Amino acid sequence: MRATRHVPAVVGLCVAAALGLSAAGQGAPPVPRQRGPQLPSATIQPGQECPAGMTEVRPGRCVAPEFPPPSILDYRPRSTLVTDVHLVPKAKFPVVDIHSHTGPTAESIERLVAELDGMGVQVLVNLTPGADPAAVKRHVDFIRASKHPDRFRVFANVIWDGAGGAGWAEKAVADLEASVKHGAIGLKIAKNLGLRARKADGPRLRVDDPDLTSIWDTCARLNIPVIIHTAEPQEFFSPLDYTNERWLELALFPERRNYMPGSPTFADLQGERDRMFAANPKTRYIGAHFAYYGNNLGAAAALLDRCPNVVLEVAAVLYDFGRQPRAARAFFIKYQDRILFGKDAYAPNEYPYYWRVFETADEYFDYYRDYHAFWKLYGMNLPDEVLKKVYYKNALRIAPGLPQQGFPR
Ligand SMILES: [Zn+2]
(Lines give C-alpha, C1' and ligand atoms only; values in the text may rest on other atoms or scores of the structure.)
Protein backbone atom coordinates (compact mmCIF):
# COMPACT_ATOMS: atom_id res chain seq x y z
CA MET A 1 0.00 0.00 0.00
CA ARG A 2 1.48 3.32 -1.01
CA ALA A 3 0.71 6.72 0.41
CA THR A 4 -1.71 8.56 -1.80
CA ARG A 5 -1.84 11.98 -0.22
CA HIS A 6 1.01 13.37 -2.34
CA VAL A 7 -0.51 12.61 -5.72
CA PRO A 8 -0.59 16.00 -7.40
CA ALA A 9 -3.76 17.30 -8.98
CA VAL A 10 -2.69 18.94 -12.19
CA VAL A 11 -4.87 21.78 -13.30
CA GLY A 12 -3.50 22.84 -16.64
CA LEU A 13 -1.05 20.57 -18.39
CA CYS A 14 0.12 22.76 -21.28
CA VAL A 15 2.51 20.39 -22.98
CA ALA A 16 1.67 16.86 -22.10
CA ALA A 17 4.20 14.85 -24.06
CA ALA A 18 7.91 15.04 -24.69
CA LEU A 19 9.20 15.05 -21.11
CA GLY A 20 12.34 13.70 -22.76
CA LEU A 21 13.13 10.93 -20.27
CA SER A 22 15.07 9.09 -22.95
CA ALA A 23 17.81 6.51 -22.43
CA ALA A 24 19.37 7.45 -19.08
CA GLY A 25 21.51 10.50 -18.67
CA GLN A 26 24.94 8.91 -18.85
CA GLY A 27 27.80 10.07 -21.00
CA ALA A 28 28.62 13.62 -21.95
CA PRO A 29 26.24 16.25 -20.59
CA PRO A 30 24.02 17.96 -23.16
CA VAL A 31 25.38 21.10 -24.76
CA PRO A 32 23.29 24.01 -23.51
CA ARG A 33 21.81 26.41 -26.02
CA GLN A 34 21.50 30.13 -25.38
CA ARG A 35 17.78 30.06 -26.00
CA GLY A 36 15.98 26.85 -25.30
CA PRO A 37 12.73 25.64 -26.75
CA GLN A 38 9.37 26.10 -25.06
CA LEU A 39 9.58 23.60 -22.17
CA PRO A 40 6.79 21.36 -20.96
CA SER A 41 4.96 23.16 -18.17
CA ALA A 42 1.89 22.99 -15.97
CA THR A 43 0.03 25.22 -13.57
CA ILE A 44 -1.01 24.19 -10.09
CA GLN A 45 -3.14 25.65 -7.35
CA PRO A 46 -1.76 26.58 -3.92
CA GLY A 47 -1.15 23.43 -1.88
CA GLN A 48 -0.78 21.23 -4.93
CA GLU A 49 2.48 19.67 -6.07
CA CYS A 50 3.99 19.75 -9.54
CA PRO A 51 3.52 16.68 -11.71
CA ALA A 52 6.36 14.16 -11.75
CA GLY A 53 9.33 15.40 -13.78
CA MET A 54 8.55 19.09 -13.20
CA THR A 55 9.50 21.64 -10.58
CA GLU A 56 7.86 24.89 -9.48
CA VAL A 57 9.75 27.79 -11.02
CA ARG A 58 7.26 30.55 -10.22
CA PRO A 59 4.28 30.42 -7.87
CA GLY A 60 1.83 28.02 -9.44
CA ARG A 61 3.96 27.36 -12.52
CA CYS A 62 5.77 24.04 -13.02
CA VAL A 63 8.34 23.41 -15.74
CA ALA A 64 10.24 20.30 -16.86
CA PRO A 65 14.00 20.73 -17.35
CA GLU A 66 15.21 20.79 -20.95
CA PHE A 67 17.55 17.85 -20.36
CA PRO A 68 16.81 14.51 -18.80
CA PRO A 69 17.49 15.01 -15.10
CA PRO A 70 20.24 12.90 -13.51
CA SER A 71 19.21 10.19 -11.08
CA ILE A 72 19.81 10.80 -7.38
CA LEU A 73 22.82 8.52 -7.76
CA ASP A 74 24.42 10.58 -10.50
CA TYR A 75 23.70 14.10 -9.25
CA ARG A 76 26.83 15.07 -7.28
CA PRO A 77 26.98 18.84 -7.11
CA ARG A 78 30.27 20.39 -6.04
CA SER A 79 29.80 22.93 -3.27
CA THR A 80 31.34 26.31 -4.03
CA LEU A 81 31.13 27.36 -0.39
CA VAL A 82 34.45 28.62 0.88
CA THR A 83 34.55 28.29 4.65
CA ASP A 84 36.76 27.10 7.49
CA VAL A 85 37.58 23.40 7.57
CA HIS A 86 38.73 21.75 10.81
CA LEU A 87 39.28 18.05 10.37
CA VAL A 88 39.56 16.23 13.69
CA PRO A 89 41.39 12.93 13.20
CA LYS A 90 41.73 12.38 16.95
CA ALA A 91 39.17 13.15 19.64
CA LYS A 92 40.05 15.97 22.03
CA PHE A 93 39.60 13.74 25.11
CA PRO A 94 39.86 9.96 25.57
CA VAL A 95 36.79 8.12 24.33
CA VAL A 96 34.91 5.03 25.48
CA ASP A 97 33.18 3.45 22.48
CA ILE A 98 30.35 1.72 24.31
CA HIS A 99 28.83 0.27 21.14
CA SER A 100 31.14 -1.84 19.00
CA HIS A 101 31.03 -5.34 17.59
CA THR A 102 34.77 -5.64 17.20
CA GLY A 103 37.03 -7.30 19.71
CA PRO A 104 40.73 -8.07 19.58
CA THR A 105 42.23 -11.31 18.28
CA ALA A 106 45.84 -12.41 18.35
CA GLU A 107 46.15 -11.27 14.73
CA SER A 108 44.38 -7.93 15.11
CA ILE A 109 45.16 -6.58 18.56
CA GLU A 110 48.30 -4.56 17.79
CA ARG A 111 46.73 -3.02 14.68
CA LEU A 112 43.52 -2.28 16.62
CA VAL A 113 45.36 -0.56 19.45
CA ALA A 114 47.36 1.54 16.99
CA GLU A 115 44.15 2.58 15.22
CA LEU A 116 42.38 3.36 18.51
CA ASP A 117 45.35 5.45 19.63
CA GLY A 118 45.21 7.37 16.37
CA MET A 119 41.52 8.19 16.84
CA GLY A 120 41.67 8.86 20.57
CA VAL A 121 39.53 5.85 21.54
CA GLN A 122 40.71 4.57 24.92
CA VAL A 123 38.30 1.63 25.40
CA LEU A 124 36.44 -0.39 22.77
CA VAL A 125 33.45 -2.37 24.04
CA ASN A 126 32.48 -5.45 22.04
CA LEU A 127 28.77 -5.91 22.63
CA THR A 128 28.39 -9.26 20.88
CA PRO A 129 30.64 -11.98 22.23
CA GLY A 130 27.62 -14.32 22.36
CA ALA A 131 25.13 -15.71 24.86
CA ASP A 132 27.29 -18.67 25.81
CA PRO A 133 29.20 -17.92 29.03
CA ALA A 134 32.11 -20.03 27.76
CA ALA A 135 32.42 -17.75 24.71
CA VAL A 136 32.32 -14.67 26.93
CA LYS A 137 35.05 -16.18 29.08
CA ARG A 138 37.27 -16.81 26.05
CA HIS A 139 36.92 -13.17 24.97
CA VAL A 140 37.61 -11.81 28.45
CA ASP A 141 40.51 -14.17 29.14
CA PHE A 142 42.16 -13.16 25.88
CA ILE A 143 41.86 -9.46 26.76
CA ARG A 144 43.15 -9.97 30.31
CA ALA A 145 46.15 -11.97 29.14
CA SER A 146 47.01 -9.50 26.38
CA LYS A 147 49.37 -6.55 26.59
CA HIS A 148 46.37 -4.20 26.50
CA PRO A 149 43.96 -5.40 29.19
CA ASP A 150 42.51 -1.91 29.76
CA ARG A 151 41.64 -1.18 26.14
CA PHE A 152 38.81 -3.66 25.62
CA ARG A 153 35.69 -4.88 27.38
CA VAL A 154 32.75 -7.14 26.48
CA PHE A 155 29.05 -7.24 27.23
CA ALA A 156 26.96 -10.43 27.31
CA ASN A 157 23.94 -11.48 25.25
CA VAL A 158 20.72 -13.40 25.87
CA ILE A 159 18.83 -15.63 23.43
CA TRP A 160 15.26 -14.29 23.40
CA ASP A 161 13.50 -16.90 21.32
CA GLY A 162 11.54 -19.21 23.57
CA ALA A 163 10.88 -16.66 26.30
CA GLY A 164 8.05 -17.70 28.57
CA GLY A 165 8.76 -21.39 28.01
CA ALA A 166 9.63 -23.85 30.74
CA GLY A 167 13.10 -23.16 32.11
CA TRP A 168 13.86 -20.26 29.71
CA ALA A 169 14.16 -17.57 32.37
CA GLU A 170 16.19 -19.78 34.73
CA LYS A 171 18.72 -20.63 32.03
CA ALA A 172 18.94 -17.05 30.70
CA VAL A 173 19.53 -15.69 34.21
CA ALA A 174 22.09 -18.39 35.08
CA ASP A 175 24.00 -17.80 31.82
CA LEU A 176 23.96 -14.05 32.34
CA GLU A 177 25.25 -14.42 35.90
CA ALA A 178 28.01 -16.72 34.66
CA SER A 179 28.97 -14.32 31.87
CA VAL A 180 29.24 -11.45 34.33
CA LYS A 181 31.28 -13.61 36.69
CA HIS A 182 33.62 -14.28 33.76
CA GLY A 183 34.02 -10.55 33.19
CA ALA A 184 31.17 -9.24 31.00
CA ILE A 185 30.30 -5.70 32.12
CA GLY A 186 26.81 -5.30 30.66
CA LEU A 187 24.00 -6.86 28.65
CA LYS A 188 23.46 -6.02 24.97
CA ILE A 189 20.07 -6.49 23.34
CA ALA A 190 19.85 -6.48 19.57
CA LYS A 191 16.88 -5.32 17.52
CA ASN A 192 15.58 -8.83 17.02
CA LEU A 193 13.88 -8.38 20.41
CA GLY A 194 10.73 -6.63 19.28
CA LEU A 195 11.11 -7.24 15.57
CA ARG A 196 11.57 -10.99 15.22
CA ALA A 197 12.09 -12.93 18.46
CA ARG A 198 9.21 -15.28 19.31
CA LYS A 199 7.75 -16.46 22.55
CA ALA A 200 7.76 -20.15 23.37
CA ASP A 201 4.08 -20.37 22.41
CA GLY A 202 4.53 -18.55 19.08
CA PRO A 203 3.64 -14.84 19.14
CA ARG A 204 6.11 -11.99 18.73
CA LEU A 205 8.02 -11.33 21.95
CA ARG A 206 7.18 -7.77 22.92
CA VAL A 207 9.91 -5.62 24.44
CA ASP A 208 7.69 -4.96 27.46
CA ASP A 209 6.69 -8.61 27.95
CA PRO A 210 6.54 -9.34 31.70
CA ASP A 211 8.33 -12.65 31.09
CA LEU A 212 11.52 -10.62 30.67
CA THR A 213 11.32 -9.05 34.13
CA SER A 214 13.70 -11.58 35.65
CA ILE A 215 16.38 -10.48 33.16
CA TRP A 216 15.97 -6.80 34.06
CA ASP A 217 16.00 -7.65 37.79
CA THR A 218 19.19 -9.65 37.33
CA CYS A 219 20.95 -6.73 35.63
CA ALA A 220 19.92 -4.39 38.45
CA ARG A 221 21.14 -6.88 41.06
CA LEU A 222 24.47 -7.40 39.24
CA ASN A 223 24.85 -3.63 38.81
CA ILE A 224 25.39 -3.86 35.04
CA PRO A 225 23.82 -1.64 32.37
CA VAL A 226 21.58 -2.91 29.59
CA ILE A 227 22.24 -1.43 26.15
CA ILE A 228 19.18 -1.98 24.03
CA HIS A 229 18.69 -1.51 20.30
CA THR A 230 14.97 -1.34 19.57
CA ALA A 231 13.36 -0.60 16.20
CA GLU A 232 15.23 1.12 13.37
CA PRO A 233 15.23 4.63 11.89
CA GLN A 234 11.65 5.86 11.64
CA GLU A 235 11.50 5.81 7.84
CA PHE A 236 12.38 2.12 7.73
CA PHE A 237 8.79 1.62 8.88
CA SER A 238 7.27 3.90 6.24
CA PRO A 239 6.16 3.11 2.68
CA LEU A 240 9.01 3.07 0.18
CA ASP A 241 7.81 6.02 -1.88
CA TYR A 242 9.55 9.15 -3.13
CA THR A 243 8.74 11.06 0.06
CA ASN A 244 10.76 8.62 2.18
CA GLU A 245 14.01 10.32 3.25
CA ARG A 246 15.73 6.90 3.40
CA TRP A 247 14.47 5.80 -0.04
CA LEU A 248 17.92 5.01 -1.43
CA GLU A 249 19.02 3.06 1.62
CA LEU A 250 15.82 1.02 1.61
CA ALA A 251 16.19 0.39 -2.10
CA LEU A 252 19.74 -0.85 -1.51
CA PHE A 253 19.09 -3.00 1.57
CA PRO A 254 15.90 -5.11 1.37
CA GLU A 255 16.32 -6.44 4.90
CA ARG A 256 15.91 -2.92 6.31
CA ARG A 257 12.32 -2.59 5.05
CA ASN A 258 10.04 -2.93 8.01
CA TYR A 259 6.88 -1.57 6.39
CA MET A 260 5.09 -4.86 6.13
CA PRO A 261 1.62 -6.07 6.98
CA GLY A 262 1.55 -7.79 10.33
CA SER A 263 4.86 -6.27 11.45
CA PRO A 264 5.10 -3.98 14.46
CA THR A 265 5.20 -0.28 13.65
CA PHE A 266 7.82 2.22 14.76
CA ALA A 267 5.37 3.56 17.35
CA ASP A 268 4.59 0.04 18.61
CA LEU A 269 8.25 -0.72 19.26
CA GLN A 270 9.14 2.67 20.74
CA GLY A 271 6.12 2.43 23.02
CA GLU A 272 6.92 -1.09 24.21
CA ARG A 273 10.52 -0.19 24.98
CA ASP A 274 9.69 3.05 26.75
CA ARG A 275 7.05 1.33 28.90
CA MET A 276 9.62 -1.32 29.78
CA PHE A 277 12.10 1.41 30.80
CA ALA A 278 9.49 2.97 33.08
CA ALA A 279 8.39 -0.35 34.59
CA ASN A 280 11.96 -1.27 35.66
CA PRO A 281 13.32 1.85 37.35
CA LYS A 282 16.08 -0.02 39.23
CA THR A 283 17.69 -1.23 35.98
CA ARG A 284 20.06 1.12 34.09
CA TYR A 285 19.38 1.25 30.34
CA ILE A 286 21.40 2.69 27.48
CA GLY A 287 19.17 3.47 24.50
CA ALA A 288 21.33 2.50 21.52
CA HIS A 289 21.21 4.79 18.48
CA PHE A 290 19.65 7.52 20.65
CA ALA A 291 16.61 5.24 20.98
CA TYR A 292 15.89 6.44 17.42
CA TYR A 293 14.78 9.77 18.79
CA GLY A 294 17.67 11.68 17.16
CA ASN A 295 15.20 13.08 14.62
CA ASN A 296 12.80 14.08 17.40
CA LEU A 297 14.73 15.63 20.26
CA GLY A 298 11.52 16.62 21.99
CA ALA A 299 10.63 12.95 22.32
CA ALA A 300 14.18 12.19 23.48
CA ALA A 301 13.87 14.86 26.17
CA ALA A 302 10.48 13.53 27.28
CA LEU A 303 11.93 10.02 27.63
CA LEU A 304 14.92 11.22 29.66
CA ASP A 305 12.69 13.38 31.87
CA ARG A 306 10.32 10.49 32.49
CA CYS A 307 12.96 7.79 33.06
CA PRO A 308 15.99 8.72 35.20
CA ASN A 309 17.30 5.16 34.67
CA VAL A 310 17.84 5.79 30.92
CA VAL A 311 20.78 7.29 29.03
CA LEU A 312 21.21 7.53 25.26
CA GLU A 313 24.07 6.57 22.97
CA VAL A 314 24.89 8.21 19.64
CA ALA A 315 25.94 5.35 17.33
CA ALA A 316 25.00 5.66 13.67
CA VAL A 317 22.65 8.64 14.09
CA LEU A 318 25.24 11.39 13.66
CA TYR A 319 23.36 12.63 10.60
CA ASP A 320 20.45 13.63 12.83
CA PHE A 321 22.59 15.80 15.13
CA GLY A 322 24.58 17.27 12.25
CA ARG A 323 21.47 18.49 10.44
CA GLN A 324 20.14 20.40 13.48
CA PRO A 325 23.34 21.60 15.17
CA ARG A 326 21.71 24.34 17.25
CA ALA A 327 18.95 22.18 18.73
CA ALA A 328 21.37 19.27 19.15
CA ARG A 329 23.88 21.50 20.93
CA ALA A 330 21.21 22.76 23.32
CA PHE A 331 20.07 19.19 23.95
CA PHE A 332 23.59 17.90 24.60
CA ILE A 333 24.23 20.73 27.04
CA LYS A 334 20.95 20.26 28.88
CA TYR A 335 21.27 16.47 29.02
CA GLN A 336 25.07 16.34 29.27
CA ASP A 337 24.94 13.64 31.97
CA ARG A 338 22.68 11.38 29.88
CA ILE A 339 24.60 10.85 26.61
CA LEU A 340 27.30 8.26 25.81
CA PHE A 341 29.51 7.79 22.78
CA GLY A 342 29.13 4.71 20.59
CA LYS A 343 29.97 4.06 16.96
CA ASP A 344 28.60 0.57 16.12
CA ALA A 345 30.39 -0.34 12.85
CA TYR A 346 34.15 -0.28 13.45
CA ALA A 347 35.64 1.89 10.70
CA PRO A 348 38.62 4.07 11.65
CA ASN A 349 37.97 6.53 8.83
CA GLU A 350 34.42 7.21 10.10
CA TYR A 351 35.06 8.15 13.76
CA PRO A 352 36.56 11.55 12.81
CA TYR A 353 33.19 12.64 11.43
CA TYR A 354 31.81 12.34 14.97
CA TRP A 355 34.67 14.36 16.43
CA ARG A 356 34.15 17.04 13.78
CA VAL A 357 30.41 17.33 14.42
CA PHE A 358 30.82 17.37 18.21
CA GLU A 359 33.94 19.52 18.52
CA THR A 360 33.92 22.07 15.70
CA ALA A 361 31.67 24.81 14.35
CA ASP A 362 32.35 23.75 10.74
CA GLU A 363 29.47 24.15 8.33
CA TYR A 364 27.98 22.28 5.41
CA PHE A 365 30.19 19.21 5.17
CA ASP A 366 29.55 15.71 3.93
CA TYR A 367 28.54 12.71 5.98
CA TYR A 368 30.43 9.48 5.37
CA ARG A 369 27.64 7.58 3.70
CA ASP A 370 25.68 9.16 0.88
CA TYR A 371 22.80 6.76 1.13
CA HIS A 372 22.16 7.55 4.80
CA ALA A 373 21.69 11.24 4.47
CA PHE A 374 20.73 13.49 1.59
CA TRP A 375 21.94 16.48 3.52
CA LYS A 376 25.07 18.12 4.86
CA LEU A 377 26.36 18.19 8.43
CA TYR A 378 27.18 21.13 10.69
CA GLY A 379 29.34 21.18 13.80
CA MET A 380 27.85 21.48 17.28
CA ASN A 381 30.89 23.14 18.88
CA LEU A 382 30.29 21.44 22.25
CA PRO A 383 32.00 22.79 25.39
CA ASP A 384 34.92 20.75 26.73
CA GLU A 385 33.08 19.66 29.86
CA VAL A 386 30.22 18.27 27.75
CA LEU A 387 32.67 16.50 25.45
CA LYS A 388 34.35 14.83 28.43
CA LYS A 389 31.03 13.59 29.75
CA VAL A 390 29.87 12.27 26.38
CA TYR A 391 33.24 10.75 25.53
CA TYR A 392 33.98 8.96 28.81
CA LYS A 393 32.68 10.34 32.11
CA ASN A 394 29.10 9.17 31.66
CA ALA A 395 30.20 5.76 30.42
CA LEU A 396 32.46 5.23 33.47
CA ARG A 397 29.49 5.96 35.73
CA ILE A 398 26.90 3.89 33.85
CA ALA A 399 29.20 0.89 33.29
CA PRO A 400 31.34 0.53 36.44
CA GLY A 401 33.11 -2.48 34.92
CA LEU A 402 34.96 -0.19 32.50
CA PRO A 403 38.62 0.51 33.31
CA GLN A 404 38.31 3.54 35.56
CA GLN A 405 41.94 4.62 35.22
CA GLY A 406 43.66 6.48 32.42
CA PHE A 407 41.14 9.27 31.98
CA PRO A 408 41.54 12.96 32.88
CA ARG A 409 39.51 13.96 35.93
ZN1 LIG B 1 25.28 -2.44 17.02
Side-chain angles (χ1 to χ4, degrees), residues 88-104 109-127 139-140 142-155 180 183-188 222-227 284-288 290 304 309-315 318 321 329 332-344 346-348 350-360 379-409:
V88 189
K90 182 174 180 176
K92 189 169 185 180
F93 303 105
V95 174
V96 173
D97 179 355
I98 199 77
H99 186 158
S100 192
H101 301 282
T102 295
I109 187 163
E110 293 304 328
R111 171 183 58 81
L112 267 180
V113 168
E115 288 171 351
L116 296 174
D117 286 345
M119 301 184 288
V121 175
Q122 177 75 15
V123 184
L124 190 68
V125 180
N126 177 9
L127 297 181
H139 282 266
V140 174
F142 175 81
I143 293 165
R144 287 180 176 166
S146 78
K147 282 191 274 173
H148 309 284
D150 287 343
R151 304 301 295 276
F152 303 96
R153 287 293 183 271
V154 301
F155 274 37
V180 171
I185 66 162
L187 168 64
K188 162 68 191 294
L222 298 175
N223 193 27
I224 58 168
V226 179
I227 184 166
R284 287 197 302 287
Y285 294 97
I286 304 167
F290 233 64
L304 294 182
N309 56 328
V310 173
V311 295
L312 301 173
E313 167 271 305
V314 301
L318 185 69
F321 308 128
R329 182 176 201 275
F332 274 57
I333 289 173
K334 179 167 182 190
Y335 294 99
Q336 57 186 268
D337 296 314
R338 313 288 296 279
I339 303 170
L340 274 54
F341 177 82
K343 172 65 180 68
D344 200 353
Y346 180 79
E350 293 176 351
Y351 285 79
Y353 288 80
Y354 287 76
W355 316 149
R356 191 178 182 196
V357 168
F358 292 149
E359 297 180 22
T360 80
M380 293 161 61
N381 196 24
L382 290 172
D384 284 356
E385 193 47 39
V386 175
L387 288 172
K388 288 183 197 168
K389 289 179 174 179
V390 171
Y391 283 171
Y392 67 91
K393 285 188 173 179
N394 294 336
L396 298 185
R397 182 186 80 243
I398 298 295
L402 284 166
Q404 299 283 325
Q405 306 305 316
F407 298 91
R409 282 295 141 188

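Atoms considered below: every heavy atom in the structure, side chains included; atoms not considered: hydrogens, waters and symmetry mates. Note that the numbering runs from 1 along the sequence shown for the chain. Treat the numbers as computed from the prediction; the structure is a model and nothing was measured.
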Assess K343 against Y351: is NZ or CZ under 6.0 Å from the centre of the six-membered ring, and within 45 degrees of the ring's axis? yes
Step by step, work out the side chain to side chain contact (heavy atoms under 4.5 Å, CB included) result for E313 and I227. CA-CA 9 Å; E313 167 271 305; I227 184 166; 3.8 Å; yes
At their closest point, which heavy atom of A399 faces which heavy atom of I185, and how far apart are they? CB-CD1, 4.4 Å
Using the rule given for ring-ring contact (aromatic ring centres under 6.0 Å, His included), can you reason through F142 versus F152, listing the C-alpha separation, both sets of side-chain angles and the distance that settles it, and then say yes or no? CA-CA 10 Å; F142 175 81; F152 303 96; 8.4 Å; no
Can we call the ring centroids of W355 and F93 under 6.0 Å apart? no
What's the spacing between L382 CG and K92 NZ if we round to 0.5 Å? 10.5 Å
Nearest heavy-atom contact between P225 and I286 is CB-CD1, 4.0 Å
Donor-acceptor pair, distance only, cut-off 3.5 Å: does the side chain of Y392 make one with the backbone of P408? yes
Pair N126-H101, side-chain donor/acceptor within less than 3.5 Å: no
Check whether any side-chain heavy atom of L312 sits under 4.5 Å from a side-chain heavy atom of L340, and report yes or no. no
Gap between atom CD1 of I333 and atom CE of M380 - 0.5 Å precision: 8.0 Å
Between F332 and F358 (judged by ring centroids, cut-off 6.0 Å), do the two rings come close enough to count as a pair? yes
Which one of E385, K388, K389 satisfies the side-chain hydrogen bond (donor to acceptor under 3.5 Å, both in side chains) criterion with Q336? K389
Gap separating the CG atom of D97 from the CZ atom of R153, nearest 0.5 angstrom: 14.5 Å
Would you check, one step at a time, whether the test side chain to side chain contact (heavy atoms under 4.5 Å, CB included) holds for L304 with V310? CA-CA 6 Å; L304 294 182; V310 173; 4.1 Å; yes
Looking only at heavy atoms, what is the nearest atom pair of H99 and A315, with distance? ND1-CB, 3.8 Å
Close side-chain approach of V88 and P352, heavy atoms under 4.5 Å: no
Test your reading of the model: is there a side-chain donor-acceptor pair from R397 to the backbone of D337, 3.5 Å cut-off? yes
Cation-pi geometry met for K188 and F155 (6.0 Å, 45°): no
Nearest heavy-atom neighbours spanning I143 and P104: CG1-CG, 3.9 Å
Test side chain to side chain contact (heavy atoms under 4.5 Å, CB included) on E359 and N381 and set out the steps. CA-CA 5 Å; E359 297 180 22; N381 196 24; over 6 Å; no
Please examine the side chains of I339 and V314, heavy atoms only from C-beta on, and report whether any two atoms are closer than 4.5 Å. yes
Contact check, side chains of D384 and L387, non-hydrogen atoms, under 4.5 Å: yes
A quick test of your reading: do over 12 heavy atoms of other residues, nucleotides or ligands sit less than 6.0 Å from CD of Q405? no
Mind running side chain to side chain contact (heavy atoms under 4.5 Å, CB included) on Y346 and E115 for me, showing each step along the way? CA-CA 11 Å; Y346 180 79; E115 288 171 351; 2.6 Å; yes
What are the two closest heavy atoms between P94 and G406, and how far apart are they? CG-O, 4.4 Å
Under a 4.5 Å cut-off applied to non-hydrogen side-chain atoms, are R151 and L116 in contact? yes
With under 30° as parallel and over 60° as perpendicular, where do the rings of F341 and Y354 fit, or are they tilted in between? perpendicular
Measure the shortest side-chain to side-chain distance between V154 and V125 over non-hydrogen atoms and say whether it is less than 4.5 angstrom. no
Quick one: closest heavy-atom pair of P403 and L396, and the distance? O-CD2, 3.6 Å
Report yes or no: does R338 contribute a side-chain atom to a donor-acceptor pair with the main-chain N or O of V311 at less than 3.5 Å? no
Do S100 and L124 have side chains that get closer than 4.5 Å, going by heavy atoms? yes
How many angstroms lie between atom CG of L127 and atom CD1 of I98, to the nearest 0.5 angstrom? 7.0 Å
Please tell me if the side chains of R284 and P400 come closer than 4.5 Å, counting only heavy atoms from C-beta onward. yes
